[in-house]
Amino acid sequence: MTNELNNWSKTKIKDFQATFLSWYDLEKRTLPWRENNDPYRIWVSEIMLQQTRVDTVIPYYLNFMNLFPTIQDLADADEDVLLKAWEGLGYYSRVRNLQKAAIQIVTEFNGEMPKDPALIATLKGIGPYTTGAISSMAFQLPIPAVDGNVMRVVSRLFEISEDIAKPASRKTFEKIMTDIIDPHKPGDFNQAMMDLGSSTCTPTTPTCNLCPINEFCQSFEKGTMLQYPVKSKKKKAKPVYYIGAIIKNNRGEFLLEKREEKGLLANMWTFPLVEEEPIIENTLLPLGGLTSKQPEDIEKQTLENLTKEIKENYQVEPVWLKKPFVEVKHIFSHLKWFIAVYFGQLIEDNDHEELPKNCKWVHPSEFDQYTFPGPQQKMWQAYLTKFKD
DNA sequence: AAGCCGGGGGT
DNA sequence: ACCCCAGGCTT
């Protein structure tokens, strides 16, 4: 028994479990992955739900299970089709690892999710949280599944002051959860934590008077709910500046480039992007703050650079609009992109030679066959709005 | 332990 | 503008 649980007798723990689970039986959300205990369905949902809200996940989940109804289907899937099914969800390595794990399951475990948590944890993309989630929900094993919800709820229940931003803190919460989880309904218990965290025990405005377990909550008793959880601040997203080049040829096609197979937005398609140093008069500013009123010589120099870069990298020399027609901003978890988007029209039919291997001319009617990340979606929408074709 | 990896919604 | 979200992998 941990120190945090000193004042919780075995009777109190059972009382807590009964109270909590009867609330869950009445109030649990109806969700597609709760229809049964199929480990595959649960697994896919858990991967999608990493850092992603339930409402966002549901339509993706339904589509995904329709496309890939079994682990074998997932293992056999074409990677482009797979990535397309994930388009817009973010953290795209999740879906690559999902397929790697499916192949692992087919080759090493006869196509069935192993029941041993130690084996589940060997699968790509499955860490401590997801191991606990699958083990408890699909196989009724009393393993905690500690996510952000659990750390918030538990930190309030027992007034735990450890910094939940630090990876090492997870063990403290796992230990407490191991002590209080209901061994007869571990899956329900873990999911009750999720539902409570999303509906009642929310980050900034918990509705403690409606909480089914407030009588057990130490911070509710003391009125310290808003002091928990303790979480150190993340660093701010770093700004990066690009020129975006939307280039159209005389067949109405646009130049697209496939990104590297590793790193940010791996294997996804965008219009050409040229990184720029936005240093004007020794000041680092977003291009977005300059384009509208930058001095003419700067404007001219930017266009010359763009012309040169595009010619060198893509062997084309379009006629450019002199100024960017839109400034796209896109915020990632760790980066902030500012893209000044230029439009160039290719007049001569010299667009079929020397194009780099990862580039293609694509007609807009075929864009739906390519996976576009957020910034690309924004550039294209801005183009459509501006030029209405 | 820290950094990398998306996107959307709430406040 | 900042925080949060059913985290995991790499270095």
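Just so we're on the same page: letters track the sequence lines, and every chain starts at 1. The structure presented is a predicted model; accordingly, all values stated were derived computationally and were not measured. Heavy-atom basis, side chains included; hydrogens, waters and symmetry copies ignored.
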Checklist entry - In residues 261-271 of chain A, which ones come under 4.0 Å of DNA chain C, going by heavy atoms? => result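 None - not one residue of the stretch has a heavy atom sitting under 4.0 Å from the strand.
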
Next on the checklist: How close do A:Ile243 and A:Ile339 get, counting heavy atoms only, and between which atoms?
Outcome noted: C-CG2, 4.1 Å

Next on the checklist: Whole angstroms only, please: what is the NE2-P distance between A:His334 and C:dC2?
Outcome noted: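 A:His334 atom NE2 is separated from C:dC2 atom P by 18 Å.
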
Checklist entry - A:Ile120 has an atom CD1; how far is it from atom P of C:dG8, in whole Å? => result 13 Å

Checklist entry - Which of these, A:Leu355, A:Val362, A:Asn249, sits in a side-chain contact (heavy atoms from CB on, under 4.5 Å) with A:Leu255? => result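 Checked A:Leu355, A:Val362, A:Asn249 against A:Leu255; only one passes side-chain contact (heavy atoms from CB on, under 4.5 Å): A:Leu355.
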
Checklist entry - Starting at the 5' end of DNA chain C, which residue's closest nucleotide do you reach first, A:Arg53 or A:Thr130? => result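 Its nucleotide being nearer the 5' end, the pick is A:Arg53.
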
For residues 220-232 of chain A, dump all side-chain donor-acceptor pairs below 3.5 Å to protein atoms at least two apart in sequence or in another chain.
from	atom 1	to	atom 2	distance (Å)
A:Lys222	NZ	A:Glu159	OE1	3.4
A:Thr224	OG1	A:Glu159	OE2	2.7
A:Ser232	OG	A:Asp163	OD2	2.7

Next on the checklist: Applying the Watson-Crick and G-U wobble criteria at under 3.5 Å, what pairs with B:dA2? Answer none if nothing qualifies.
Outcome noted: C:dT10

Checklist entry - NA contact type, A:Ile126, heavy-atom cut-off 4.0 Å: base, sugar-phosphate, or nothing? => result sugar-phosphate

Checklist entry - Contact class for A:Trp33 vs. all strands (heavy atom < 4.0 Å): base, sugar-phosphate, or nothing? => result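 Base: the residue A:Trp33, judged by heavy atoms under 4.0 Å, touches a nucleobase.
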
Checklist entry - Does the separation of the ring centres of A:Phe325 and A:Phe343 fall below 6.0 angstrom? => result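 Ring centroids of A:Phe325 and A:Phe343 are no less than 6.0 Å from each other.
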
Does [N] have its OP1 or OP2 closer than 4.0 Å to a side-chain nitrogen or oxygen of [X]?
X: A:Lys236; N: C:dC3; value: no
X: A:Arg152; N: C:dC5; value: yes
X: A:Tyr91; N: C:dC5; value: no

Next on the checklist: Show, in sequence, the C-alpha distance, side-chain angles and deciding distance for A:Arg96 and A:Glu79, and conclude whether the salt bridge (Lys or Arg N to Asp or Glu O under 4.0 Å) test is met.
Outcome noted: CA-CA 8 Å; A:Arg96 292 182 234 280; A:Glu79 200 190 324; 3.5 Å; yes

